[in-house]
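See below for the structure under consideration.
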Amino acid sequence: MWMGGSSLLRPPSKPRVRFDQRRGRPGTLGGSVHVARGYPYHEGVTSATVVAEMPGPVVELLSKALVGELTVIDRNGRFRTDPLIPFWDGRYVLMTSSILFSRKLEDIKRNPRISLSLSDPVGIRAQPFSRATIQGDARVIDDDLHQGWYRLVPLWEAKEPIIKTFLKPLQKLGLPLFWERAIIEIVPKRVLWWPDGDTTRDPQVTDVRQAAA
Amino acid sequence: MNLGHALSRLPGYPHAVLVVPDDDGYPLSVATSFRVVDGTVEVTPASTGPRAVRDTVEARLVVSHIRPYPGVGYDQRRYIELSGALSVGGPVWRFTPQAARGWDEQALSFPELCQRALPQARRYLAILSTERGREVKPQMNAGWRFFLATRLPFLTATIVPVFLGFAAAAYDHHFSIGLAALTLLGALTVHLGLNVANDIFDTLSGVDEVNFTPTKFSGGSRVLQYGLVSLRQMMALAAVFYAVAIIVGLVLVAISGLGLLWLGVAGVLISYFYTAPPLRLVHRGLGELCVALGFGPIMVLGTYFVQTGQYALRPLILSIPVAILVMLILYANEVPDRFADAKAGKRTLVVRMRPAAVIRGYVAAVAVAYLVLSAGVVFGVLPWPALISLLTIPLAYQTWKGLKAH
């Protein structure tokens with residue numbers, strides 16, 4: 001556990017987590033997942049504050065993944081999948097999406113249920129390689145499209161160093177709306193992990209909330 | 001994306017992600033291997049633990065690819081999402097695709113993808129505006145917005161002919177710094193007015209809206225498409241620039257003589273009606289001629305007249321190469337814009353001509369520019385140091401290669 005219970009009731013606008021680039025995962029915080037009752041966007045949380053464990057190998061996958069396939073449910077109840085770069089801040093799975101590609105944001109606002117596949121051996125340089133699926137509830141943080149997502153830049157830059165170049169003012173002029181972005185924040189609910197990446201075998205299933213209840 | 005095309009591309013991906021409905025209403029995704037067989041996809045059964053995958057008509061099969069660049073990021077992004085029915089009976093599962101969507105950045109560049117996505121961005125901003133009861137707009141500080149909206153870097157196309165006019169006048173022993181400053185101000189504001197008016201009328205006519213391949217040199221500033229500046233603000237900006245230009249022009253006429261008036265009036269009219277109705281000169285294949293006249297004889301001769309109170313052959317000869325070269329800036333940048341221009345009825349020279357003729361036209365114009373310059377020196381109209389301009393020939397060659405590549 002890396003944070004006191006009462007503070008979890010506040011929206012995590014400025015998470016107190018520092019990304020340890022050397023280890024490729026949050027510094028001293030391990031893989032704890034924190035969700036809280038009364039948190040306005042997350043359904044199904046049982047009682048008081050729940051603290052659960054994200055399996056360490058899945059944290060490793062999240063920390064190394066350049067791509068994950070995010071599936072959302074659209075307005076017609078159908079699935080829609082987009083590849084996105086996932087981040088892990090020690091608390092939530094985080095992603096960022098430009099308003100140019102904001103259909104997924106609209107979909108999440110209507111239905112927060114998502115699934116994230118971490119399965120590409122080329123896009124995920126984790127050793128040893130494994131595969132995982134994270135199901136959970138997502139929320140969109142878009143109160144400050146221009147600056148709010150900048151808190152993800154250290155995590156983003158750790159995976160895609162060139163992003164720092166693109167953030168220079170003159171560079172941003174080329175595609176200004178690409179830099180108007182929302183954060184997708186995912187509270188994991190269930191994690192399926194295939195230790196050697198072989199999905200014909202049974203996965204280890206962790207119900208993240210039940211695990212710590 | 002066409003389903004047949006998507007299926008033909010599928011074998012290039014080493015694995016897929018199968019997405020099916022879970023019992024509790026969540027999507028459930030799992031990686032698997034697959035092979036395409038007669039328009040369907042055989043999927044290796046995957047284990048999802050206690051939550052078994054069942055037959056469904058709402059399955060998705062997703063393939064994606066990136067090429068990581070350690071220390072940089074990644075490229076070669078592409079993905080395909082197939083929607084269809086999944087049957088899980090038997091030793092292999094069968095996925096019957098019904099539709100496909102996706103993106104391959106080698107087929108559709110990322111900048112173009114972004115331009116095509118502008119309506120979705122506007123839609124999202126509109127939704128946020130409704131939710132919050134106030135207008136939500138993209139943000140950019142006023143300085144950068146001004147920089148973008150006015151296309152400031154293009155002012156070099158005005159600075160060069162104006163300074164040539166100064167040089168010609170100084171060569172004839174006439175130069176007033178005060179008049180030079182006023183001349184430069186007038187010329188720059190006409191050009192700024194032109195840039196802003198061009199964006200306004202290209203937006204109103206739909207030209208910029210259907211241009212998905214703008215470059216830093218073409219396709220307008222796009223501040224209106226991005227919602228960074230309102231149409232009303234752009235109109236006000238254009239009005240201010242033209243007002244300043246007209247006032248400065250009238251002052252210069254009062255100082256230098258009525259002989260300047262006709263050039264000034266021609267300059268402002270060409271600038272405004274370049275894209276403005278009813279003339280819309282650029283839509284009639286006259287844009288190139290207008291630019292040549294405006295940035296060549298009008299600016300060089302006008303500047304010379306302000307300083308000397310008369311017209312002369314030397315500045316006229318001097319204006320021809322710069323007229324052609326500035327015209328070629330437009331001409332070359334019409335090449336990437338040609339499809340959007342044609343779609344919007346903007347019949348530029350490049351739209352009107354076949355690709356081979358466009359290249360030949362470029363070569364001929366460049367040749368004339370350098371020949372006139374050389375002839376001016378040979379016949380003693382221009383001083384020999386003017387030949388230094390020939391050093392730019394390699395740049396013209398590079399542009400020719402770039403045009404051929406397009």
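So you know, we letter chains A, B, ... as the sequences are listed, proteins then strands, and number each from 1.
For the set Thr48(B), Thr44(B), Thr32(B), the count of heavy-atom pairs under 4.5 angstrom toward chain A peaks at Thr48(B). Interface summary for chain A: among Gly25(B), Ala59(B), Pro27(B), the most heavy-atom pairs under 4.5 angstrom belong to Pro27(B). If you tally non-hydrogen atom pairs under 4.5 Å between each of Leu66(A), Thr200(A), Asp202(A), Leu192(A) and chain B, the highest count goes to Leu66(A). Put simply, of Pro161(A), Gly197(A), Ser117(A), the one with the most heavy-atom pairs under 4.5 Å next to chain B is Pro161(A). Interface check for chain A: of the options Val72(B), Ile66(B), Asp24(B), the most heavy-atom pairs under 4.5 Å are formed by Val72(B). Per-residue counts of heavy-atom pairs under 4.5 Å with chain A were compared for Arg67(B), Arg123(B), Met140(B), Arg222(B); the largest is that of Arg123(B). If you tally non-hydrogen atom pairs under 4.5 Å between each of Gly77(A), Gly123(A), Pro83(A), Ser115(A) and chain B, the highest count goes to Ser115(A).
Salt-bridge annotation for Asp74(A) and Lys104(A): absent, with no side-chain N of the basic residue lying under 4.0 Å from a carboxylate O of the acidic one. With respect to the salt-bridge test (charged N to carboxylate O, under 4.0 angstrom), the residues Arg60(B) and Glu69(A) do not qualify.
Side-chain N/O atoms of Gln115(B) and Thr213(B) include no donor and acceptor closer than 3.5 Å. One side chain, Asp137(A) or Tyr26(B), offers a donor N or O that lies under 3.5 Å from an acceptor on the other. A donor-acceptor contact closer than 3.5 angstrom is absent between the side chains of Arg181(A) and Ser98(A).
Screening residues 133-142 of chain B for side-chain hydrogen bond (donor to acceptor under 3.5 Å, both in side chains), with sequence neighbours left out, gives no hits.
Taking 4.5 Å as the heavy-atom cut-off, the residues of residues 75-102 of chain B that approach chain A are Tyr79(B), Glu81(B), Arg101(B), ordered by number. Contact annotation for residues 14-22 of chain B against chain A (heavy-atom separation below 4.5 Å, listed by residue number): His15(B), Val17(B), Val19(B), Val20(B), Pro21(B), Asp22(B). Residue-level contacts of residues 169-177 of chain A with chain B, in order of numbering, are Pro169(A), Leu170(A), Leu173(A), Gly174(A), Leu175(A), Pro176(A), Leu177(A); threshold 4.5 Å between heavy atoms.
Not one N or O on the side chain of Thr206(A) forms a donor-acceptor pair closer than 3.5 Å with the backbone of Val208(A).
The shortest heavy-atom contact between Gly73(B) and Glu160(A) is CA-CG, 3.6 Å. Residues Ser119(A) and Phe129(A) approach most closely at O-CZ, 3.5 Å, considering heavy atoms.
Under the 6.0 Å distance and 45° angle rule, Arg131(A) does not count as a cation-pi partner of Trp194(A).
If you measure heavy-atom distances from Asp142(A) to chain B, the contacts under 4.5 Å come from both the backbone and the side chain. Contacts between Glu180(A) and chain B at a heavy-atom distance below 4.5 Å involve the side chain alone, from C-beta outward.
Annotation: Tyr13(B) is not in aromatic contact with Phe34(B) [ring centroid separation under 6.0 Å not met].
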